[in-house]
Each structure stands twice: as C-alpha cells, then as structure tokens.
*Asks:* 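Take a look at this one; I'll ask things after.
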Amino acid sequence: MSALIQSAPSKLILCGEHAVVYGQPALAVPLGDLRAYAEVSAGTPGSGLSFVAPDLGEAWYAHVKPEHPLSELALAVLAFFGVTQADLVLRLHAEIPLASGMGSGAAIGTALVRALAAWFDQELPPTQIAELVYASERRFHGTPSGIDNTVVAHEQAIWYVRHVIPGAQTFTATIEPVVIKAPLHLVIGDTGVRSMTRLPVGAVREAWQADPPRYEALFAAIGQVVHRVRTALADGNQQFLGALFNENQALLEEIGVSSPELHHLVAAARQAGALGAKLSGAGWGGVMFALVTPDQRSTVAQALHQAGAARVIATTVAST
Ligand code: PMV
C-alpha cells in the first residue's frame, strides 16, 4: 500500500483551564488551520514500528523505546485492532507550536491514531480515539482533565465538565457542543517559553492542598465566568465576551499560573484595543490570545510582535 496521511487540529482553551481539573466547566475550540500530521507507510520486513518525528527532534524504533508515549499509543492502537505484528514507518509533523498550550500532544496522538485506523481500514468513533489518546496524554501530563484529547478528537467547539469520582482512578465527562453565534476573531501570541503542563498543574494542586477554601473559591469563580462565556457565545455578545476573558485572566493570575511574559503580551493586546485577552492552557509560558474585531486584527498582531511574541497567529473560529 502507498503512504497514507491523516491529520488532527490544534486547540485553544477559551476559558476554564485549571479549574476544569477540579470539576468546573471549561470551553475549548479546535483550530482547523493549524494541524498535526501522521503518515504511515510500509517498513522493511521485521523492522516493527519506527517513528520519524523531526519536529520533536527524534527518530526511534518502538521496540527500542516501548515506554515512549507515542510508541505506547501506537502499540495500544494495534492491540485494539488485534494486530500483533506490523512493519510500519510513522512520520509525524506538527505545524503547532510544541508545549505551548495549543494541544500539540493531543493533535499528534490523534493524527497517529487516525492514520493507523485508516491503514488497517478500521472505523474509530471520536470518543474511542479520545480515549486512546487520553491514555497516552497521561504519560506526558499525569492527570489531565481530558479536555485536550476530547476537543481535538471531536474537532468541534465543546463545553467540557469532568466529574471526579472520589477514590476512583476513572472519571466521567459531560461533553456538549457549543453554540457560537458570531465568528470569533482571535490573535494568538506565543511567548516562546515552553510550558510543561504538569508543572503548573502540580503547583496549583499543592497550593489547593495548602489552602482548600481559597482555591475552591477561585475555581468556582472561574466556573461562573465559563457559564457566562457560554451565554455570551450563544448571544454573539463580543464586548461582554472580551470582558469575561479579562476576568478569567485575573483569576488565573490569582491562582499563580500567569508569567511576566504572558502578562506582558496580554497587556500589549489590550492596549492595542483588543476586546479582551487571556492566557490559554496551563500557563507559565505557552500562548495567550486576544479577542478582536476584524478591524483590530493587524494592529493587535503588530502590538504582540512588538511586545516580543515569538510567533503570532491570527485565526477565526467559525460560528456554529
Ligand atoms: O497545556 P494544555 O493546553 O494542555 O492545558 C492544560 C489545561 C489544564 O486545565 C491546565 C490541565 C488539564 O488537564 O485540563
């Protein structure tokens, strides 16, 4: 068979990050024009699975690095299909800034699962893909909420609530499509500082354990903002939406996951006239985004460049 390519989108958490780990709702959107790609082709007989991932600066054989999260994921997918031996070359490529809060890990994993499914002529529903990718995300992040793999695998805007079952290893989630009345024009600024999700997530956990009432109040306040964002999205109320993103940013700063670089880019976007701006994802680095009107787009993009953003991406989330 000739080589076969599948892809998956990046994502942006609009609001609710961190609090979502503690059972509050969050909203996330896929970004279809910034993607990860996986190509499968036949390998030499007896080679097993080999990976070529120039963006990760890596090339490896699954049997040499079986503990690599992507080896584990591919082997889990093959086991799921009942395939015990396959000689395949898996080439991975991402347009998405890595470790920046845009879901590069989930996108690469999802593209890989989709490509293997296509190679073996298998139909996998998004929920199944999300589950397979979640297991591998756990290797990168510890206890992810599941929002990344879900929004990427479903490739649609979602309202996500994780229901923690006390004492249990597993959890359930409410996943609902989100109504977006008016397109969202976003300008994303990458601080260029790579962010390892599990570090800020771990710091928030420690802070919560040290002062549960304070942190639970902050998580609840974020949850309230997310509810109002859902309403503003459904109403197409962009001014209100911008104000809510600013409010969410203030709460994220209070829980300690912003950084001087993020703060600086957020301030620059607001000064340039953006309707609102906040960090997105785990924080301490990675990206922020600004909500703008189409007219403001180039001014805000320029302001982010001038403020030192390593990369600026303008994108539009379509209405639903
Ligand atoms: O770094 P990201 O974009 O994968 O964001 C993680 C979002 C958190 O809410 C901080 C953690 C999680 O698992 O939901």
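All heavy atoms count here, side chains included; hydrogens, waters and symmetry mates do not. From a predicted model like this one, the values you see are computed outputs, not experimental measurements. All ligand and atom numbering here is 1-based and tracks the order in the structure.
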*Asks:* I'd like to check which ligand 1 atoms, numbered from 1 as shown, lie under 4.0 Å from a non-hydrogen atom of K11.
*Replies:*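 Listed by number with element: 2 (P), 3 (O), 4 (O).
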*Asks:* May I ask you to decide if the ring planes of F245 and F289 are parallel, tilted or perpendicular, using 30° and 60° as cut-offs?
*Replies:*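 The rings of F245 and F289 stand perpendicular, inter-plane angle above 60°.
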*Asks:* Numbering the atoms of ligand 1 from 1, which are under 4.0 Å from a heavy atom of P144?
*Replies:*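 In order of numbering, the contacting atoms are 13 (O).
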*Asks:* Atoms of ligand 1 less than 4.0 Å from D148 heavy atoms?
*Replies:*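 Answer for ligand 1: 2 (P), 3 (O), 4 (O).
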*Asks:* For a side-chain contact (heavy atoms from CB on, under 4.5 Å) check, start with the C-alpha distance between T315 and D33, then their side-chain angles and the critical distance, and finish with the verdict.
*Replies:* CA-CA 8 Å; T315 191; D33 43 10; 3.4 Å; yes
*Asks:* Is the closest side-chain donor-acceptor distance between H185 and T293 under 3.5 Å?
*Replies:*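 No, because no side-chain N or O of H185 sits under 3.5 Å from a partner of the opposite role on T293.
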*Asks:* Ring centroids only, cut at 6.0 angstrom: are F120 and F80 within range, meaning strictly under it?
*Replies:*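 No.
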*Asks:* H18 versus ligand 1: do any nitrogen or oxygen atoms come within less than 3.5 Å of each other?
*Replies:*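 Between H18 and ligand 1, an N or O pair is found under 3.5 Å apart.
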*Asks:* Give the numbers and elements of all ligand 1 atoms closer than 4.0 Å to a heavy atom of G101.
*Replies:*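 Selected atoms, number and element: 1 (O), 3 (O).
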*Asks:* Please determine, by modelled atom types, if D87 and Q85 share a side-chain donor-acceptor pair under 3.5 angstrom.
*Replies:*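 D87 vs Q85: donor-acceptor pair found between side chains.
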*Asks:* Can you check whether W208 and H18 have ring centres sitting under 6.0 Å from each other?
*Replies:*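 No, the ring centres sit 6.0 Å or more apart.
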*Asks:* List for me each residue that meets ring-ring contact (aromatic ring centres under 6.0 Å, His included) alongside F51, sequence neighbours excluded, and say none if there are none.
*Replies:*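 Applying ring-ring contact (aromatic ring centres under 6.0 Å, His included) to F51 gives W60.
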*Asks:* State the atoms of ligand 1, each with its element, that fall below the 4.0 Å cut-off from a heavy-atom position in S145.
*Replies:*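 Taking each heavy atom of S145 in turn, ligand 1 has 12 (C), 13 (O), 14 (O) under 4.0 Å.
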*Asks:* Which of the atoms of ligand 1 are close to V20, meaning less than 4.0 Å from one of its heavy atoms?
*Replies:*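 Contacts of ligand 1 toward V20, numbered from 1: 9 (O), 14 (O).
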*Asks:* Applying a 4.0 Å heavy-atom criterion (strictly less than), which segment of V21 is in contact with ligand 1: side chain, backbone, both, or neither?
*Replies:*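 Side chain only.
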*Asks:* Relative to the heavy atoms of T197, which atoms of ligand 1 are at a distance of less than 4.0 Å?
*Replies:*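 Answer, ordered by atom number: 1 (O), 2 (P), 4 (O), 6 (C).
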*Asks:* Which of the numbered atoms in ligand 1 are under 4.0 angstrom from any heavy atom belonging to E17?
*Replies:*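 Counting from 1, the qualifying ligand atoms are 9 (O).
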